[in-house]
Amino acid sequence: MSEKVNQPANIPEIFLKPYDPASHETDIYAMWENSGYFNPDNCIKDGVTDKEAETFSIVLPPPNVTGTLHMGHAAMLAVEDILVRYHRMNGKRTLWIPGTDSAAIATQSKVEKEIQKAEGKSRHDLGREELLKRVSAFAENSKDTILNQTRKMGSSLDWSRYAYTLDDKRYKAVMTAFKNMYDDGLIYRGDRIVNWDPKGQTTISDDEIVYEERKSTLYTFKYSPDFPISISTSRPETKVGDTAVAVHPDDVRYQKFIGQTFSCTFCDVPIEVTVIADKEVDPEFGTGALGVTPAHSKIDWDMADRHNITKRPQIINEYAKMTVSGRLSGLKVNDARTAVVAWLKEENLLEKEETIDQNVATAERTGGIIEPLPKLQWWIDVNKKFILKHSEIPGVSSGSETTLKELMVTTVENGGTDILPERFKRVYFNWITNLNDWCISRQIWFGHRIPVWYRNDEIYCGVTAPEGAGWEQDPDTLDTWFSSGLWSFSTLGWPEQTEDLKTYHPTALLETGYDILFFWVARMILMSTYHTGQIPFKTVYLHGLVRDEKNRKMSKSLGNTIDPLTMIEKFGADATRLSLVIGAAPGNDLPLSENKIKGYKNFANKIWNITRFILTHTADMDMSKDVSFSSRDQEILTNLKSAVIDVTSEIEKYNLYLAGEKAYHFIWHELADVILEESKDILTSDDATARASRQAVLMECLTTSLKMMHPFMPYVTETIWQELPKVKRKTDILMVAKWPK
RNA sequence: GACCGAUUAGCUCAGCUGGUAGAGCGCUACAUUGACAUUGUAGAGGCCACAAGUUCAAGUCUUGUAUCGGUCACCA
């Protein structure tokens with residue numbers, strides 16, 4: 001071993017210790033943020049980006065304003081930031097817009113609970129105005145938490161364009177959107193069966209329902225001793241609301257009763273039922289006869305519609321309590337069920353009890369059991385034909401007649417929007433096929449209020465309140481996904497025809513979890529195509545769920561959650577990012593363990609030490625001289641180039657997991673293990689030509705590797721970059737250095 | 001019930017348009033005061049779920065079977 005290797009060369013002192021992420025990350029982020037280069041306008045102003053360059057834009061899926069960062073967010077931020085940094089380095093006008101979501105129901109109920117606990121007051125005690133004031137203050141106070149945590153991941157978001165779902169600009173967008181759709185007849189008010197959540201005290205959309213399997217009892221009985229037909233039901237308490245009995249038209253057993261009407265008193269309630277024939281009835285199930293309760297079942301409501309049968313009475317209220325008089329009066333539905341069964345037994349009407357498996361509809365957010373109720377609500381008609389005045393959507397021409405459903409299909413079918421991985425396209429089409437009108441009104445207070453005012457029989461819809469006295473605004477708010485659906489363009493200033501909107505819409509990419517494909521992705525496509533005539537994004541990249549190393553879902557109750565902030569502290573943001581990207585093919589769930597993250601911290605240190613080695617041995621290098629490369633050194637440069645090409649093409653294909661792995665592999669197992677090892681002899685030899693050639697090659701490998709790795713591990717690469725001798729790095733900030741070719 | 005996906009090394013997975021298997025972690029042995037407290041070299045380990053078919057050739061294409069997972073719908 002020669003002396004030169006051991007000689008402490010004149011290199012920056014920080015390289016003498018292992019890489020310590022915690023002592024650099026905050027400063028590096030501040031340096032980036034102060035440079036202004038998260039904002040593409042500044043990049044253009046400083047000549048970093050050409051003003052005519054192509055654009056690349058992503059809108060951040062806004063996290064809950066009151067939430068904290070979890071691994072799902074971290075994975076999303078990692079993927080998006082990698083793409084944003086890559087395209088920025090490629091000289092594109094690159095914009096990544098941050099924002100937060102009000103998470104209406106969740107936030108309101110959180111604040112309500114706190115007030116209830118601290119002051120013993122309900123929202124009705126406080127009143128609408130006071131509650132909203134409190135909820136807004138809470139949201140405002142807690143937003144910094146999630147935003148600062150977002151910064152910690154190294155996210156190069158343009159904070160000057162921050163958007164909040166309830167801020168003034170978004171408010172205007174939502175109002176305008178509602179008004180436009182209302183004027184086109186796509187939004188209507190309808191008296192229908194809604195999914196009522198008695199726990200959350202609001203309607204919810206079909207997509208917010210989760211079915212839970214439970215054991216239930218199927219009761220078979222007659223309404224009264226002289227009623228000719230037995231019926232089966234698992235909800236006998238609703239039978240006091242029956243207005244018909246439905247049988248299959250071909251069922252010989254009941255032919256003679258079709259069209260007849262019977263009256264009786266059922267559990268103290270007088271009812272009148274007509275026998276109708278409907279093809280929907282399955283003659284094989286139960287007795288083949290079905291008691292029709294229009295006011296408390298969607299199917300029955302539709303059936304009553306078809307046969308012109310009375311749809312009311314409503315016999316259950318918003319608190320899931322019986323509203324009839326008699327023995328059931330005021331009982332909760334479950335108690336009423338027991339009471340009805342007891343009565344049936346008393347009257348000797350119960351013929352059979354069987355245990356069956358049943359899927360019970362519950363509200364996703366509150367867990368409350370859904371009570372179907374008839375209500376006057378606002379809906380979006382997805383099948384109504386209208387003229388789309390302006391269209392840039394592939395496969396749809398301006399001025400053509402279409403429906404929202406068709407727009408959603410065409411956008412994906414004609415390749416306007418691509419979904420990755422491919423298989424989710426089928427899931428998407430499948431969902432649209434089964435899509436019904438979307439209920440958009442909610443009975444909570446925190447959110448965008450429906451811009452409709454009533455006065456006697458008059459209805460007014462407008463962005464602002466109507467002139468004159470006596471107008472009363474609709475008390476309901478909009479489904480949070482209504483405003484979220486506008487997000488790709490409302491964040492860019494719509495309905496104003498802003499420069500941003502012209503420049504950055506359609507966005508390049510939407511990156512989000514596959515669990516909100518329907519909630520959000522589909523709604524964004526609907527809203528964007530309708531309101532702007534443009535697709536919202538060219539590509540949808542669906543990431544999977546982050547799971548633990550045993551492939552279980554992370555949950556607080558299992559105690560297997562890994563906190564990204566703790567990981568960042570321990571191993572650094574770079575290691576955390578890489579662990580969330582490598583091994584994560586789009587759409588696949590990702591197993592994560594602390595050990596994996598630790599492994600990538602070692603990698604960050606490896607890069608650190610590669611730098612130390614190279615700087616040690618290039619201290620005497622003369623950059624101004626031309627060197628003639630040895631044939632091995634030429635080969636190394638070729639290998640370097642092909643690694644760059646590989647990584648580049650995987651990023652372009654959105655295969656970040658492959659790109660990261662290949663970059664990692666080149667740096668560790670090619671540059672460090674092979675090139676550096678063989679350099680030891682060359683660098684300590686007396687052959688000045690060979691030394692000069694290798695020194696130049698090592699420097700080239702280092703700077704190119706730093707660039708190539710920067711999108712994946714921005715902190716360590718930038719930290720090193722800042723320490724490189726100026727003459728060796730050419731650009732001051734690695735973040736805006738040119739991507740190698 | 002409908003649709004979709006998975007089944008490859010002990011574990012987690014890659015293997016695009018078909019040419020007799022790869023990575024990371026783990027394991028074993030050796031080396032190492034090393035640019036590296038976070039290292040290197042070498043190695044073991046797979047009839048690629050099963051069966052049939054297409055083909056000169058099949059993890060790779062077709063069909064069927066089994067097991068596991070997911071999404072959607074839902075019958076009173």
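Below, chain A is the first sequence line, B the second, and so on; all start at residue 1.
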Take the protein atom CZ of F519(A) and the nucleotide atom C1' of C72(B), then report the distance between them rounded to whole Å.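 To the nearest whole Å, that distance equals 13 Å.
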
Rounded distance (Å) that lies between atom C1' of A23(B) and atom CG of N655(A):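 Rounded to whole Å, this separation is 15 Å.
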
Tabulate protein N/O versus nucleotide N/O from nucleotides 38-40 of chain B, keeping only pairs under 3.5 Å, one per line.
from   : atom 1 : to      : atom 2 : distance (Å)
U38(B) : O2     : N602(A) : OD1    : 3.4
U38(B) : O2     : N605(A) : ND2    : 3.3
U39(B) : O3'    : K606(A) : NZ     : 3.3
G40(B) : OP1    : W668(A) : NE1    : 2.4

Phosphate oxygens OP1/OP2 of C74(B): is one of them under 4.0 Å from a side-chain N or O of Y211(A)?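 True: Y211(A) side-chain N/O within range (under 4.0 Å) of C74(B) OP1/OP2.
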
Strand RNA chain B as a dot-bracket string - pairs counted if Watson-Crick or G-U with both distances under 3.5 Å, | where the partner lies in another strand: (((((((..((((........)))).(((((.......))))).....(((((.......))))))))))))....

Applying side-chain hydrogen bond (donor to acceptor under 3.5 Å, both in side chains), can you list everything that pairs with K570(A), at least two apart in sequence or on another chain?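 Per chain and number, K570(A) pairs via side-chain hydrogen bond (donor to acceptor under 3.5 Å, both in side chains) with E594(A).
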
When you measure from every atom of RNA chain B, which of residues 588-597 of chain A have a heavy atom less than 4.0 Å away? N588(A), P591(A)

Which residues in residues 353-361 of chain A have at least one heavy atom lying under 4.0 Å from any atom of RNA chain B? Q358(A), N359(A)

Counting N and O atoms only, with roles assigned by atom type, does the side chain of E511(A) sit under 3.5 Å from a partner on the main chain of H543(A), one being a donor and the other an acceptor? no

Sort and list the pairs that fulfil salt bridge (charged side-chain N to carboxylate O under 4.0 Å, His left out) and have at least one residue in residues 577-589 of chain A, not counting sequence neighbours.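 Every salt bridge (charged side-chain N to carboxylate O under 4.0 Å, His left out) pair that includes a residue of residues 577-589 of chain A, provided the two are not neighbours, is D81(A)-R577(A), R547(A)-D589(A).
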
Going by the angle between their ring planes, with limits at 30° and 60°, are F221(A) and Y223(A) parallel, tilted or perpendicular? perpendicular

Rounded to whole angstrom, note down the P distance from G10(B) over to C50(B). 14 Å

Sticking with atom P, work out how far G15(B) lies from A23(B), rounded to a whole angstrom.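 After rounding to an integer number of Å, I get 15 Å for this pair.
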
Which is it for G59(B), anti or syn, if anything within 90° of zero counts as syn? syn

Position toward the 5' end of RNA chain B (nearest nucleotide), Y664(A) or V427(A):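 The answer here is Y664(A).
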
